[in-house]
Amino acid sequence: MAFTLPELPYPKTALQPHISPETLDFHYGKHHAGYVKKLNELVAGGKFENAKLEDVVKQAGPGAIFNNAAQIWNHTFYWNSMAPGAGGKPSGELDAAITKAFGSFEAFQKAFADACIGQFGSGWAWLVRKPDGSVAVEKTANAETPLTGANVPLLVCDVWEHAYYIDKRNDRAAYVASWWNLVNWKFAAENFAKAGKATAAAR
Ligand code: MN
């Protein structure tokens, strides 16, 4: 079975004024779709031809198959990390974990924005849940993803230039400042709760 491009969880007009339909035409319609096309070419006839995407990311090791598979996974996670009319603050257990780790929501926002802006070149900034149940901010380069390690991704911001060049030109900080208005805290809270249950079940 070929790898497929998951549908965007909202219309391309839905993230305005923060992210334009033109950005989504390119970012989703060209870049994300391109990784899917390329991965299908790379795995044809090989051991990953019928594998699950997550397993390809975890097992491929450095190289083109990993890069394209991880970029498919990371982008799908990124689309879900945003929602129209979202933003604001987290609530419940995730809010408590963020306050415990960073001191305040504002301090977390600063740490996350610093990770976004401080990532030299292409990459991603993540909020993750560590195996001990605490949360942390991570940045990864290029296609790298927490999925290959012990931490569970909760939320991601894509800081490749293709994520913001049409709307904000070279101003990554302006993109990140605008991005907070789209953050899907419901998705992050669900990921946090799911990771907690998985940890409890493994004990
Ligand atoms: Mn991207």
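All ligand and atom numbering here is 1-based and tracks the order in the structure. Atom set for the values below is all heavy atoms of this structure, side chains included, hydrogens, waters and symmetry mates excluded.
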- Query: Do Phe77 and Trp124 have ring centroids that are under 6.0 Å from one another?
  - Reply: no
- Message: Once you measure the plane-to-plane angle for His27 and Tyr78, does it fall in the parallel (<30°), tilted (30-60°) or perpendicular (>60°) bin?
- Response: tilted
- With sequence neighbours excluded, what pairs up with Glu144 under the side-chain hydrogen bond (donor to acceptor under 3.5 Å, both in side chains) test? none
- Might you point out which heavy atoms bring Pro146 and Glu138 nearest each other, and give the distance in Å? CG-OE1, 3.7 Å
- Message: Phe112: which residues meet the ring-ring contact (aromatic ring centres under 6.0 Å, His included) condition with it, sequence neighbours left out?
- Response: Phe108, Trp179, Trp180
- Tell me how many protein N, O or S atoms are closer than 2.8 Å to the Mn ion (ligand 1). 4
- Query: Linking Ile, Leu, Val, Met, Phe, Trp and Tyr by side-chain heavy atoms under 4.5 Å, what else ends up with Phe26?
  - Reply: Ile166
